[in-house]
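Beneath this line is the structure, given in structure tokens, with notes to follow.
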Amino acid sequence: MAILTQCALLDTLAILSSLFATLYLWMKWKHTYWQRRGIRSLPAHWFFGHFKDAILMRKSAGVVLGDLHHQGTDEDDVLGIYILHKPFLLVRNPELIKQIMIKDFHIFPNHHFSARSSTDKVSKWSLFTIDNPEWKYLRAKMSPVFTSGKLKNLFLLMQESGEKMRDYLRDYVGKESKAVPIIIKDTFYKYTTDVISSVAFGIRTNCFDTPPPEFYVNARKAFTPSLRRSIQFFFLFFLPKIGKYVGASMLGDYTDYFRKIFWNSMDNRSATKMKRGDLIDSLLQLKDEKPDNNFQFEEDALLAQAAIFFVAGRETSITTMICVLFELAKQPELQKRVREEIFEKIQEANGVTYEAVQNMKYLHQVMNETLRLYPPAPILDRLPLSDYTFPGTKITIEKDTPVFVALRGLHSDPRYYRDPMCFDPERFSDERKNEIVPCTFLPFGEGPRNCIGLRLGILQTAVGLIAILRDYEVTLNPSWPSPIDPRSVFTSPVMKFLLNLKKI
């Protein structure tokens with residue numbers, strides 16, 4: 001029945017037009033937030049804000065934020081941006097970044113990227129998502145896992161997985177002199193899952209077996225990229241108040257499977273009293289301790305620390321290894337230099353030892369330069385606990401206003417890096433590394449809440465690269481000019497990306 005006019009259709013159109021006009025005007029007003037606070041912003045889409053390309057999956061969120069960083073002028077210490085209607089502050093000045101991450105950490109101890117789902121207890125307790133002061137307690141308890149002594153023990157487990165990868169590639173590539181195309185991400189998935197099953201879940205698997213073990217199959221299924229998962233992750237990370245209701249979980253549909261594997265390992269280790277120097281040893285100690293300050297962690301809090309190895313430890317290493325090989329394939333002379341160093345250090349140490357890997361300086365320079373251009377986690381985020389004015393400025397932000405640092409922008413900012421898009425490992429040489437301005441190279445974050453497993457991740461990456469480069473020459477596959485998936489929320493290679501391997 002018509003109400004406004006004598007035609008029901010015209011009534012419907014009038015109501016919808018009014019609702020659209022109201023939404024449009026409300027969004028336009030929301031997009032004046034930074035202007036009203038005296039902070040410069042860039043032109044934005046009336047609905048999507050500055051994230052249209054990310055929301056429509058034309059570009060990854062890290063690339064979009066990196067582009068926004070580059071659109072600022074030298075005078076823009078910060079830029080006000082919007083994701084849909086919500087205001088975020090993009091920080092471009094390394095001194096202000098230092099202020100947030102280190103000097104005033106007590107104001108900025110927590111992530112905006114909560115990645116916590118209301119239906120997933122595991123995501124609630126990971127070291128990445130948990131808030132202070134519980135974070136501080138858990139971080140202190142987890143830190144002993146990553147000491148130099150523990151890393152030496154874990155190195156032996158990694159090296160064992162690296163040798164399995166060498167055996168697999170020896171059969172796959174063969175001894176012929178021709179180059180063989182290989183889906184390199186699949187190979188590194190097997191390697192890193194093999195490491196994680198050993199280091200974080202306390203079980204030995206061989207993910208290179210045929211058929212592959214159940215642990216590997218379920219790990220792949222749990223993290224298989226999909227449109228649904230990408231949408232869930234977008235909301236979890238950028239609009240977490242909505243994201244906690246979208247039904248995502250850290251371990252997907254395989255939470256019960258990994259929970260069973262984890263507790264079987266914990267119970268077996270507890271019964272046998274065997275010490276292996278892995279994460280399970282440390283989590284058993286945490287489980288048996290009386291909680292400090294009345295913090296009582298649920299049992300899934302322990303599983304969450306193993307699970308975060310999948311989310312943070314696996315993808316970051318895979319991305320770095322693939323991008324290293326991609327860049328070395330483009331510059332054969334650099335690849336030759338890395339390989340010569342690998343051979344030299346292995347010969348000096350009479351094998352691939354922990355000390356030999358640590359002494360491969362040029363390999364680490366190559367890895368750092370790769371992390372500069374392809375930071376796996378390209379966005380750093382913090383959330384202020386109170387209203388905050390940056391010292392020495394008139395820049396004031398309100399409590400709970402998310403603060404971003406766009407690493408793809410910062411790491412390629414010509415103010416801090418000469419010829420920033422050139423792949424130049426010499427930036428990190430002993431002679432030149434002091435030229436790097438503090439807080440302009442942050443692949444693992446900075447300050448008290450930096451990545452706790454950074455040394456473990458670097459070691460895992462180095463061992464994987466050594467296993468490839470000591471046996472094979474890596475060349476580009478003409479079908480794949482770039483490894484990066486534009487649809488991924490963060491920096492991640494395309495699943496079917498190919499590189500050519502040729503037996504040396």
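Count residues from 1 along the sequence.
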### Query
Within the side chain of Asn110, is there an N or O that forms a donor-acceptor pair under 3.5 Å with the backbone of Asp131?
no
### Task
Could you label the plane-to-plane angle of the Trp480 and Phe497 rings as parallel, tilted or perpendicular, counting under 30° as parallel and over 60° as perpendicular?
perpendicular
### Task
Apply salt bridge (Lys or Arg N to Asp or Glu O under 4.0 Å) to the pair Asp167 and Lys164, showing each step before the final yes or no.
CA-CA 5 Å; Asp167 292 341; Lys164 294 175 188 175; over 6 Å; no
#### Entry: Contact summary for Arg455 and Phe146, nearest pair of heavy atoms
NH2-O, 2.8 Å
### Donor-acceptor pair, side chain of Glu348 and main chain of Ala356, under 3.5 angstrom
no
### Query
Would you say Gln331's side chain and Glu327's backbone share a donor-acceptor pair under 3.5 angstrom?
no
### Query
Is there a salt bridge (Lys or Arg N to Asp or Glu O under 4.0 Å) between Lys98 and Glu95 once you walk through the steps?
CA-CA 5 Å; Lys98 184 177 182 180; Glu95 283 299 321; 5.3 Å; no
### Message
Walk me through whether Gln159 and Glu163 qualify under side-chain hydrogen bond (donor to acceptor under 3.5 Å, both in side chains).
### Response
CA-CA 6 Å; Gln159 180 60 12; Glu163 288 301 314; 3.1 Å; yes
### Task
Carefully, step by step, assess Asp186 and Lys190 under the rule salt bridge (Lys or Arg N to Asp or Glu O under 4.0 Å).
CA-CA 6 Å; Asp186 185 65; Lys190 290 182 170 75; 2.8 Å; yes
### Query
Quick check: does any side chain N or O of Asp209 sit under 3.5 Å from a backbone N or O of Pro211, one acting as donor and the other as acceptor?
no
### Query
Between Phe201 and Phe258, what is the ring plane arrangement, given parallel below 30°, perpendicular above 60°, and tilted in between?
tilted
### Task
Could you tell me whether Glu435 and Arg432 make a salt bridge, using a distance below 4.0 angstrom between a side-chain N and a carboxylate O?
yes
### Task
Would you indicate whether the side-chain heavy atoms of Val463 and Ser161 approach each other to under 4.5 Å?
no
### Nearest-0.5 Å distance that lies between atom CE in Met101 and atom CG in Leu96
11.5 Å
### Message
With side-chain hydrogen bond (donor to acceptor under 3.5 Å, both in side chains) as the criterion, how do Arg220 and Thr193 come out once you've worked through the C-alpha distance, each side chain's angles and the decisive distance to 0.1 Å?
### Response
CA-CA 9 Å; Arg220 284 296 299 269; Thr193 304; over 6 Å; no
### Message
Could you go through Lys152 and Glu355, starting from their C-alpha distance and side-chain angles, then the distance that decides it, and tell me whether this counts as side chain to side chain contact (heavy atoms under 4.5 Å, CB included)?
### Response
CA-CA 9 Å; Lys152 288 182 180 180; Glu355 289 74 19; 3.7 Å; yes
### Message
I'd like to know if Asp253 and Lys221 make a salt bridge, using a cut-off of under 4.0 Å between side-chain N and carboxylate O.
### Response
no
### Matching residue for Tyr472 among Ile182, Leu501, Leu325, Asn500 - test: side chain to side chain contact (heavy atoms under 4.5 Å, CB included)
Leu501
### Query
Excluding sequence neighbours, so at least two apart, what forms salt bridge (Lys or Arg N to Asp or Glu O under 4.0 Å) with Lys361?
Asp430
### Any donor-acceptor N/O pair, Tyr417 side chain to Thr440 backbone, under 3.5 Å
yes
### Query
Under the 3.5 angstrom rule, does the side chain of His69 hit a backbone N or O of Ser412 as a donor-acceptor pair?
no
### Query
Is the ring centre of His111 less than 6.0 Å from the ring centre of Phe128?
yes
### Query
Does any non-hydrogen side-chain atom of Val403 lie less than 4.5 Å from one of His112?
no
#### Entry: Cation over ring face, Arg314 and Tyr189, 6.0 Å, 45°
no
### Message
Using ring centroids (six-membered ring only for Trp), state whether Phe105 and Trp135 fall under 6.0 Å.
### Response
yes
### Task
For the pair Thr316 and Thr319, evaluate side-chain hydrogen bond (donor to acceptor under 3.5 Å, both in side chains) and give the outcome as yes or no after the intermediate values.
CA-CA 5 Å; Thr316 53; Thr319 297; over 6 Å; no
### Query
With distance as the sole test, does Gln347 use its side chain to make a donor-acceptor pair with the main-chain N or O of Ile342 at under 3.5 Å?
no
### Task
Taking the side chain as every heavy atom from C-beta outward, state whether Phe423 and Lys330 have any atom pair closer than 4.5 Å.
no
### Message
Looking at Lys150, I want to see if its NZ is surrounded by more than 12 non-hydrogen atoms of other residues, nucleotides or ligands under 6.0 Å.
### Response
yes
### Message
Strictly below 4.0 Å, N to O, side chains only: are Lys503 and Glu473 in salt-bridge contact?
### Response
no
### Message
If you define the side chain from C-beta out and look only at heavy atoms, does anything of Leu334 sit under 4.5 Å from Pro425?
### Response
yes
### Query
With distance as the sole criterion, is a donor-acceptor pair present between the side chains of Thr320 and Ser317 under 3.5 Å?
no
#### Entry: Pair Phe404 + Phe113: ring centers closer than 6.0 Å
yes
### Query
Would Ile97 and Leu410 count as a side chain to side chain contact (heavy atoms under 4.5 Å, CB included) if you check the C-alpha gap in whole Å, the side-chain angles of each, and the deciding distance to 0.1 Å?
CA-CA 11 Å; Ile97 294 171; Leu410 183 68; 3.9 Å; yes
### Task
Look only at the side chain of Arg276 and the backbone of Ser198, and say whether a donor-acceptor pair between them is shorter than 3.5 Å.
yes
### Query
Can Leu498 and Ile184 be said to form a side chain to side chain contact (heavy atoms under 4.5 Å, CB included), step by step?
CA-CA 6 Å; Leu498 292 172; Ile184 196 68; over 6 Å; no
### Message
Distance check, rounded to the nearest 0.5 Å: Leu157 atom CG versus Asp278 atom CG?
### Response
7.0 Å
#### Entry: Donor-acceptor pair, side chain of Lys185 and main chain of Val494, under 3.5 angstrom
no
### Task
Check for a donor-acceptor pair, side chain of Ser265 on one end and backbone N or O of Ile261 on the other, with a separation under 3.5 Å.
no
### Summary
Heavy-atom closest pair (Leu283 atom, Leu302 atom, distance to 0.1 Å) is CD1-O, 3.5 Å
### Message
One pair to check against side-chain hydrogen bond (donor to acceptor under 3.5 Å, both in side chains): Ser197 and Thr205. What are the steps and the verdict?
### Response
CA-CA 7 Å; Ser197 69; Thr205 61; 2.9 Å; yes
### Salt-bridge criterion met for Lys103 and Glu446 (N-O under 4.0 Å)
no
### Query
Are more than 12 heavy atoms from other residues, nucleotides or ligands located less than 6.0 Å from atom CD of Glu333?
yes
### Task
Output, in order, the C-alpha distance, side-chain angles, deciding distance and verdict of side chain to side chain contact (heavy atoms under 4.5 Å, CB included) for Met165 and Leu169.
CA-CA 6 Å; Met165 179 165 66; Leu169 289 173; 4.1 Å; yes
